[in-house]
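Reminder, nothing fancy here: chain letters follow the sequence lines and each chain counts from 1. Keep in mind the model is a prediction, meaning the values are calculated, not measured.
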Protein chains: 2
Amino acid sequence: MSLDHAILGFLSEQPSTGYDLKTRCFDRVARSVWTADQAQIYRTLERLEKSGLVTSRLIPQPGRPDRKEYAVTQAGRRALREWLETPHPLPPLRDPLLLQLLFGGALPDDQLLALLETARDGYQRRLEDLRKDAGRAASESRNAKVRRMTLDGAMSQARASIDWLDGAIDRVRAGLPANGDALGRLTR
Amino acid sequence: MSLDHAILGFLSEQPSTGYDLKTRCFDRVARSVWTADQAQIYRTLERLEKSGLVTSRLIPQPGRPDRKEYAVTQAGRRALREWLETPHPLPPLRDPLLLQLLFGGALPDDQLLALLETARDGYQRRLEDLRKDAGRAASESRNAKVRRMTLDGAMSQARASIDWLDGAIDRVRAGLPANGDALGRLTR
DNA sequence: CGCGGATATAGGACAAGACGAGTATATGAG
DNA sequence: CTCATATACTCGTCTTGTCCTATATCCGCG
C-alpha cells in the first residue's frame with residue numbers, strides 16, 4: 001500500500017495534520033507522482049494510528065478547530081525504511097488511450113486524429129506543470145537531487161508519449177489503408 | 001469504465017465466452033495495455049447483459065461445461081462507438097518507484113542503486129515482451145497498423161523509463177552528496 | 001454587515017480492482 | 001492410477017479511489 005508509506009514519508013519529515021498532508025504534501029510535492037483525496041488521507045491516518053505506526057496529539061487553537069497533529073513512531077519509521085528498501089513491481093500499464101487504439105482501426109481518420117491530438121495536448125500540459133515544479137526545487141542537497149530524479153522520470157515519460165503521439169499523428173496524416181467494414185459494423 | 005468497453009471491443013470482433021476473453025484477449029492481445037482478472041470479466045459480462053449491451057446463448061458441449069457465448073447487441077455497438085470517439089483523461093501518474101524516490105534520499109547509495117536497477121530490469125523485460133508481440137502482428141490492414149501504433153506507444157514508454165533509469169544510475173554512481181541525518185532518523 | 005474562502009476534521013456511499021477459494025469435467029503424461 | 005493441465009464458471013471479501021455532505025471558525029472584501 002503505497003499511500004500508507006507516502007504518508008509515513010511525509011510525516012517523517014515533519015509532523016502534520018491531515019489538512020497539512022493534503023494541501024502541502026500531496027497537492028504540491030507529490031502531485032505529479034501520487035495523488036490522494038482528503039477522505040483517503042484521513043482514513044489512512046486513522047488506520048495507521050490503530051496499527052501503531054503514527055501517534056496523534058491535539059493542539060488547541062483559539063477560535064478554530066483543534067489541530068490533530070500526527071507524528072511517526074519508531075515502528076512507523078521501521079515500516080517506512082523497510083518499504084523504502086524493497087523494490088516494488090512496475091505499475092501495471094493501464095491506459096485508456098492505448099485501449100482505444102486497440103480498437104481504433106474502426107474509426108475514420110479524422111476521429112482517430114482528434115483522439116491522438118487531444119492526448120498529445122494533455123501530455124504537453126503535464127510536461128509544462130512538471131517543468132514548473134522542477135524550476136522551483138533547485139538545491140544541492142542529496143534529498144533535493146534524488147527528488148529531482150523523480151521529476152526527471154515523470155518528465156521523460158511525458159516526453160516519450162508526446163514524441164510517440166507526434167509520430168502517430170504524422171503516420172495517420174500520411175494515410176492509412178481504409179478500413180473494410182469495421183466501421184460499417186459499428187455504425188449500422 | 002474502460003473494462004466494459006474493452007470487452008465490447010473484443011466481442012464486436014468475435015463472440016466469446018468469459019474464458020475466451022480472459023485467455024485469448026486479455027492475456028494475449030491486451031496484455032500490455034489493460035489487464036483484467038477472471039472474476040472481473042465474468043462480473044462485467046453479467047452487468048453488460050443486464051444493461052442490454054450484450055446477449056448470451058448457451059452452447060452445450062458433450063462432456064464439458066456449456067459454453068456461455070456472449071455477443072454485442074446493437075446498443076452495445078453504439079456504446080462502443082461512442083466511447084471510441086470520445087477522448088479520455090490521461091491516466092493519473094501513480095508509480096510506486098517515483099514515490100519511493102521522493103523519499104529515497106534517506107537511503108544509502110547501494111540501496112538506491114538496487115532500487116533503480118531492479119526497476120530498469122523490469123522495464124527491460126516489459127520491452128522485450130512488447131517486441132515479441134510486435135513481431136507477431138505484421139499485417140498491412142488498417143486495423144493491424146493502428147494496433148501496431150498501440151504497441152509502439154507502450155514500447156516508447158518503456159524505452160523512456162529505461163533511458164531515464166540508466167541516467168539516474170550513472171548519476172548515483174558518479175556520486176551524490178552524503179545525506180545529513182535522514183538515514184540516522186530512520187535507522188535509530 | 002454579509003458572503004465567500006481558508007483552515008480543520010469527519011462521515012457515508014459506492015464503483016472498481018485485487019485476491020483468493022471453490023466447483024465441475026475431460027485429456028494426456030508419467 | 002494419479003497428477004497436472006485445460007476448459008468453464010461462481011462467489012465473496014478486502015482495499016482503493018472518488019465524491020459528496022456536514023460542522024466550525026476566522027478573515028478579508030465589497
Side-chain angles (χ1 to χ4, degrees), chain A residues 1-7 11 15-28 30-31 33-51 54 56-70 83 88-96 99, chain B residues 1-7 11 15-28 30-31 33-51 54 56-70 83 88-96 99:
Chain A
M1 279 163 294
S2 296
L3 180 62
D4 294 31
H5 299 98
I7 288 181
L11 289 182
S16 313
T17 66
Y19 187 82
D20 292 339
L21 285 170
K22 172 64 178 155
T23 55
R24 276 207 274 287
C25 304
F26 284 95
D27 286 352
R28 286 231 239 292
R31 183 167 52 99
V33 169
W34 203 279
T35 59
D37 145 294
Q38 198 224 30
Q40 231 181 320
I41 291 173
Y42 282 103
R43 246 188 303 150
T44 306
L45 282 170
E46 275 172 41
R47 187 160 39 80
L48 289 176
E49 187 166 25
K50 249 182 229 142
S51 47
V54 305
S56 67
R57 57 183 190 123
L58 285 176
I59 304 176
Q61 295 188 113
R64 68 185 71 169
D66 295 352
R67 282 174 63 81
K68 192 169 179 185
E69 207 180 67
Y70 290 89
W83 175 81
H88 300 288
L90 303 191
L93 197 42
R94 192 170 262 151
D95 184 334
L99 193 55
Chain B
M1 278 163 294
S2 296
L3 181 60
D4 294 32
H5 298 98
I7 289 181
L11 290 183
S16 314
T17 66
Y19 187 81
D20 292 339
L21 284 171
K22 173 64 177 156
T23 56
R24 277 207 274 285
C25 303
F26 285 94
D27 287 352
R28 286 231 240 292
R31 184 167 50 100
V33 170
W34 203 279
T35 59
D37 90 310
Q38 215 204 17
Q40 227 182 320
I41 292 174
Y42 280 103
R43 245 186 305 141
T44 305
L45 282 171
E46 276 172 41
R47 186 158 42 78
L48 290 176
E49 188 167 23
K50 249 182 231 144
S51 46
V54 305
S56 67
R57 57 182 190 125
L58 286 175
I59 303 176
Q61 295 188 110
R64 69 185 70 169
D66 294 352
R67 282 173 65 78
K68 191 169 180 184
E69 208 180 67
Y70 290 89
W83 175 81
H88 300 289
L90 303 190
L93 195 44
R94 194 169 260 149
D95 184 335
L99 194 55

Could you state the atom-to-atom distance from [atom1] of [X] to [atom2] of [N] in whole Å?
{"X": "A:Arg67", "N": "C:dA8", "atom1": "CZ", "atom2": "P", "answer": "5 Å"}
{"X": "B:Ile41", "N": "D:dT10", "atom1": "CD1", "atom2": "C1'", "answer": "14 Å"}
{"X": "A:Tyr42", "N": "D:dC19", "atom1": "OH", "atom2": "P", "answer": "18 Å"}
{"X": "B:Glu49", "N": "D:dC9", "atom1": "CD", "atom2": "P", "answer": "12 Å"}
{"X": "A:Glu46", "N": "C:dT9", "atom1": "CD", "atom2": "C1'", "answer": "10 Å"}
{"X": "B:Asp27", "N": "D:dT5", "atom1": "CG", "atom2": "C1'", "answer": "15 Å"}
{"X": "B:Leu21", "N": "D:dA6", "atom1": "CG", "atom2": "P", "answer": "19 Å"}
{"X": "A:Lys22", "N": "C:dA10", "atom1": "NZ", "atom2": "P", "answer": "16 Å"}

Identify whether any heavy atom of [X] sits under 4.0 Å from a base atom; if not, whether one sits that close to sugar-phosphate; answer base, sugar-phosphate or nothing.
{"X": "A:Arg47", "result": "sugar-phosphate"}
{"X": "B:Gln38", "result": "base"}
{"X": "B:Ala36", "result": "nothing"}

Nearest-nucleotide pick for B:Ala39, side chain only, options being C:dA18, D:dC11, C:dG12: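 Looking only at side-chain atoms, B:Ala39 lies closest to D:dC11.
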Heavy-atom nearest nucleotide on DNA chain D for B:Asp20 versus B:Arg94: which residue maps closer to 5'?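 Checking each residue's closest nucleotide, the 5'-ward one belongs to B:Asp20.
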Nearest heavy atom decides the nucleotide; on that basis, is B:Thr17 or A:Ser2 closer to the 5' end of DNA chain D?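 Final value for this comparison: B:Thr17.
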With no angle test and no hydrogens, is the base of D:dG17 tied to the side chain of A:Arg43 by a donor-acceptor pair under 3.5 Å?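 Yes, a donor-acceptor pair under 3.5 Å.
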Would you say that B:Trp34 contacts A:Pro92 through its side chain, given a criterion of any heavy-atom pair below 4.5 Å between the two side chains?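 Not touching, per the 4.5 Å side-chain cut-off.
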For D:dC20 versus C:dT9, give the span between their P atoms, rounded off to a whole number of Å.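 Pairwise P distance, D:dC20 against C:dT9, rounds to 22 Å.
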I'd like to know if the side chain of [X] reaches the main chain of [Y], judged simply by a donor and an acceptor atom lying under 3.5 Å from each other, with no hydrogens or angles considered.
{"X": "B:Lys22", "Y": "B:Ala39", "result": "no"}
{"X": "B:His88", "Y": "A:Asp95", "result": "no"}
{"X": "B:Tyr19", "Y": "B:Arg24", "result": "no"}

At under 4.0 Å, does any side-chain N or O of B:Tyr19 touch on OP1 or OP2 of D:dC9?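 No, because none of the side-chain N or O atoms of B:Tyr19 sits under 4.0 Å from OP1 or OP2 of D:dC9.
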For the atom pair OG1 (B:Thr17) and OH (B:Tyr42), what is the distance rounded to the nearest 0.5 Å?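 B:Thr17 atom OG1 to B:Tyr42 atom OH measures 5.5 Å (nearest 0.5 Å).
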